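Each chain gets a letter, A, B and so on, in the order the sequences are listed, and its residues count up from 1. Since the structure is predicted, the reported quantities are computational estimates derived from the model, not experimental observations.
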Amino acid sequence: MKIQPTTYDGYKLLHEGVLALADIEENGMCIDIEYCKKQQNHLARRIKHLEKKLLKDKTVKKWKKKYGSQFNFDSDTQMAKMFNVDSAKQEVMEQIGDPIIDTLILRKRLSKARNTYVANYIREAVDGMLHPFFHLHTTRSIRSSCSNINFQNQPVRIELIKKIVRRAVIPRPGNIIGEIDYSGQEVKVATCNHKDPEMIKELNDPSRDMHRDMAMMCYKVPKDLMTSKIRYCGKNKFVFPQFYGDYYVHNATDLWNAITTLNLELKNGIPLHKHLKSNKLGTYSKFESHIKKVEKYFWEDKFSVYADWKQQIWDDYCDTGQVFLYSGFVCSGYMERNKVINMPIQGPAFHCLLWSLIKINKWLKETGKQTKVIGQIHDSIVLDIYPPELNEVIEKCRKIMTEDIVTHWPWLIVQLKIDVELTPVDGSWYLKEEVKRADCHECGSSWMWQKEDGDEEYWECPVCENIETVPF
DNA sequence: CCAGGACGCGCG
DNA sequence: AAAGCGCGCGTCCTGG
């Protein structure tokens with residue numbers, strides 16, 4: 001497969017992109033090495049402790065006896081064999097229902113945190129600074145990649161592991177780490193391609209919520225009994241997989257397994273399994289044929305224009321052997337259907353970030369700011385922010401990322417939006433939380449955390465820790 | 001003994 | 001007709 005620029009604009013994006021990413025590499029980020037070393041020892045002890053506990057288990061005892069000196073907790077082959085499964089994947093292991101599995105999974109997670117993440121901070125940091133490489137020449141998608149360390153896959157989904165790992169990344173003394181991300185950028189860039197009026201309505205009407213609606217449909221849950229967990233499953237086990245070309249059998253399996261592994265229940269406390277049973281979806285095979293119907297509705301009724309576009313882009317590729325990208329590129333060579341459909345979306349979505357990154361970095365340099373870009377994660381920019389520059393920097397980023405870019409690329413026909421997350425002054429990356437527009441009367445910062453204490457809502461300033469009960 | 005493949009898992 | 005896209009890294013394991 002080959003991919004190349006079709007326009008000078010495309011070429012220039014990569015050229016200037018490489019230079020901007022080189023600046024970011026040079027800037028680097030601060031690492032709390034002392035913390036990393038302590039944490040590494042702590043994790044070693046914790047893992048050893050878990051292994052001691054595991055060795056008291058019946059199955060693990062058998063496992064050790066069978067393999068003797070070859071016995072190894074890290075061997076997936078051994079583990080799968082002992083538990084009579086084809087694969088040692090977590091989702092497979094979880095289905096066994098043996099209580100020892102939780103401990104085995106925890107051991108695996110802690111081991112990964114130690115051996116992959118914390119160890120690499122220590123290995124790659126020089127004098128407390130880390131300089132990950134950001135590449136633009138490695139991927140099939142024309143996204144970026146990142147190595148030594150891979151800053152783009154630092155844990156965030158599991159609270160315990162997130163804390164262990166992200167605690168190591170800290171701002172320069174007196175500064176704040178800020179992350180500005182495009183919200184829903186891939187869905188929006190897809191929409192710029194297919195222009196499905198139903199999706200445009202979804203995106204323009206803030207009262208609508210397709211992830212919630214699809215979750216409701218998949219599990220037959222009425223609106224007033226919905227929970228955020230059920231919505232999460234609709235979004236991540238049906239909607240997104242469908243956009244990437246997944247199909248109902250896989251979706252149904254995932255959605256079905258999630259009911260037990262995530263302990264799903266309705267808002268009124270009724271277990272989801274019970275709820276499905278009373279709606280005649282009590283067995284997997286009934287549930288699967290239900291999801292088949294949901295898939296049919298999704299593509300034939302709800303997003304039929306999107307479906308037509310997918311067919312069109314595939315037909316065009318079959319005729320010409322080419323796929324064109326709005327950001328100024330063409331792909332040719334052998335590709336499977338799902339890859340073809342994805343190509344015009346994934347790359348250009350990243351290119352919006354890259355274009356913005358180039359402008360933001362240039363502005364920071366030209367105006368002599370102390371704030372620096374220190375990283376990039378596909379649809380977000382990570383900054384080390386000098387607090388007196390906070391308001392100005394965020395405003396400039398907002399303007400570039402949501403206004404200037406639309407002027408540059410008129411194919412961006414839907415409204416773009418950013419979200420902002422900040423750490424406290426001197427606070428680690430783990431502590432970053434979303435901020436909203438709200439003025440702090442103490443220090444003049446325009447961005448505050450919206451917090452709750454029981455029924456009481458209040459606002460806290462990341463810069464000066466001031467608390468406001470009535471902002472603005 | 002080493003290189004490279006397979007697998008698993010972290011992220012968007 | 002095929003059956004989720006894109007990455008990097010650590011570990012195990014196989015074949016030469």
Side-chain angles (χ1 to χ4, degrees), chain A residues 1 3 67 70-81 85-93 104-105 108-121 123-124 132-158 161-162 164-166 179 181-187 189-190 236-254 291-292 295 299 310-311 314-315 318 323 331 335-350 352-353 375-382:
Chain A
M1 198 213 75
I3 189 154
Y67 288 93
Q70 296 296 305
F71 169 77
N72 183 353
F73 276 116
D74 284 324
S75 167
D76 293 336
T77 321
Q78 291 179 15
M79 200 199 285
K81 211 167 254 169
V85 282
D86 297 333
S87 153
K89 256 196 278 226
Q90 268 175 41
E91 46 168 300
V92 175
M93 297 296 288
L104 275 168
I105 289 176
K108 219 173 186 181
R109 285 180 176 154
L110 292 177
S111 169
K112 177 144 181 157
R114 183 183 133 91
N115 300 336
T116 300
Y117 295 102
V118 178
N120 274 351
Y121 284 146
R123 195 184 74 204
E124 297 293 332
F133 300 134
F134 291 93
H135 318 280
L136 279 185
H137 66 287
T138 60
T139 66
R140 295 170 66 81
S141 56
I142 312 213
R143 265 194 181 184
S144 65
S145 71
C146 180
S147 65
N148 308 84
I149 62 161
N150 182 354
F151 183 63
Q152 295 174 325
N153 74 346
Q154 303 298 304
V156 70
R157 290 172 196 169
I158 295 162
I161 307 299
K162 172 187 179 184
I164 290 169
V165 174
R166 295 200 174 207
E179 199 164 328
D181 75 289
Y182 272 121
S183 67
Q185 191 66 5
E186 272 197 22
V187 174
V189 169
N236 294 301
K237 298 176 193 298
F238 184 82
V239 178
F240 274 126
Q242 282 290 336
F243 285 160
Y244 288 136
D246 207 354
Y247 78 127
Y248 71 94
V249 173
H250 187 205
N251 296 150
T253 312
D254 266 11
I291 296 301
K292 186 176 181 179
E295 183 190 62
W299 290 113
K310 291 207 291 188
Q311 192 56 45
W314 173 242
D315 288 346
C318 291
V323 188
C331 320
M335 280 179 282
E336 283 143 331
R337 190 176 193 271
N338 283 339
K339 284 170 190 145
V340 169
I341 287 158
N342 233 275
M343 198 55 87
I345 301 170
Q346 225 175 49
F350 167 67
C352 293
L353 194 277
Q376 161 270 123
I377 312 175
H378 309 300
D379 65 356
S380 76
I381 291 176
V382 184

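Counted within 6.0 Å of CZ on A:Phe133, heavy atoms from surrounding residues, nucleotides or ligands total 12 or fewer; the atom is thus considered open. Within a 6.0 Å sphere centred on NZ of A:Lys292, heavy atoms belonging to other residues, nucleotides or ligands number 12 at most.
OP1 or OP2 of B:dC9 has at least one side-chain nitrogen or oxygen of A:Lys108 nearer than 4.0 Å.
The line from OG of A:Ser141 to CD1 of A:Ile345 is 12.5 Å long, rounded to the nearest 0.5 Å.
Residue A:Ser111 is classed as having no contact, given no heavy-atom separation below 4.0 Å to the nucleic acid. Nucleic acid contact for A:Ala119: none, since no nucleic acid atom lies under 4.0 Å from a heavy atom of the residue. A:Pro155 comes within 4.0 angstrom of sugar-phosphate atoms only, judged by non-hydrogen atoms across all strands, and of no base. Within the 4.0 angstrom heavy-atom criterion, only backbone atoms of the sugar-phosphate kind lie near A:Val156; the bases stay farther away. Residue contacts shown for A:Thr77 are limited to sugar-phosphate atoms, with no base heavy atom under 4.0 Å away. If you check every strand for non-hydrogen atoms under 4.0 Å, A:Ser144 touches nothing. Among the atoms of the strands shown, none is found under 4.0 Å from any heavy atom of A:Arg166. At the heavy-atom level, A:Gln90 lies under 4.0 Å from the strands shown only through sugar-phosphate atoms. Across all strands, A:Asn148 comes closer than 4.0 Å only to sugar-phosphate atoms, never to a base (heavy-atom distances).
Distances from the side chain of A:Ile377 to the nucleotides C:dA1, B:dG10, B:dG12 place B:dG12 closest. Listed candidates were B:dG12, C:dG4, C:dC5. Nearest to the side chain of A:Asp246 is C:dG4. The side chain of A:Lys89 approaches B:dC9 more closely than any other nucleotide in the set B:dC9, C:dC5, C:dG10. Checking C:dT11, B:dC11, C:dC5 against the side-chain heavy atoms of A:Arg157 singles out B:dC11 as nearest. The side chain of A:Asn120 sits closest to C:dG10 out of B:dG8, C:dG10, C:dC5. Out of C:dG10, C:dG6, B:dG8, the shortest distance to the side chain of A:Thr139 is found at C:dG6. Distances were taken from every side-chain heavy atom of A:Ser145 (C-beta onward) to each of B:dC9, C:dC7, B:dG12; the shortest belongs to C:dC7. Closest approach to the A:Asn115 side chain among C:dG10, C:dG4, C:dC13 is made by C:dG10 (side chain taken as heavy atoms from C-beta onward).
A:Glu91 has no carboxylate O lying under 4.0 Å from a charged side-chain N of A:Lys237, or vice versa, which leaves the two without a salt bridge.
If you check the side chains of A:Gln154 and A:Tyr121, you find a donor sitting under 3.5 Å from an acceptor.
Checked by distance alone, A:Lys339 brings no side-chain donor or acceptor within 3.5 Å of a matching partner on the base of C:dC5. With hydrogens and angles ignored, a donor-acceptor pair under 3.5 angstrom links the side chain of A:Arg143 to the base of B:dG12. A donor-acceptor contact under 3.5 Å is formed by the side chain of A:Gln346 with the base of C:dC5. Side-chain atoms of A:Asn153 come within donor-acceptor range of the base of B:dG10, with a qualifying N/O pair under 3.5 Å.
Taking atom OH of residue A:Tyr117 and atom P of nucleotide C:dG8, one finds them 13 Å apart after rounding to whole Å. Atoms NZ (A:Lys81) and C1' (C:dC12) sit 13 Å apart, rounded to a whole Å. If you measure from atom CD1 of A:Ile161 to atom C1' of B:dC11, you get 14 Å, rounded to the nearest angstrom. Computed from coordinates, the A:Lys237 NZ to C:dA3 P distance equals 21 Å when rounded to whole Å. The interatomic distance linking A:Gln152 (CD) with B:dG10 (P) rounds to 17 Å, in whole Å. Put simply, CD1 on A:Ile3 is 12 Å from C1' on C:dG6, counting in whole angstrom units. Computed from coordinates, the A:Phe240 CZ to B:dC11 P distance equals 16 Å when rounded to whole Å.
Not less than 6.0 angstrom separates the ring centroid of A:Phe240 from the ring centroid of A:Phe238.
The base-pairing partner of C:dC9, taking Watson-Crick or G-U wobble contacts with both distances under 3.5 Å, is B:dG8.
Rounded to the nearest Å, the gap between the P atom of C:dA2 and that of B:dC9 is 29 Å.
Within the 4.5 Å cutoff, no side-chain heavy atoms of A:Val156 are placed close to those of A:Ile161.
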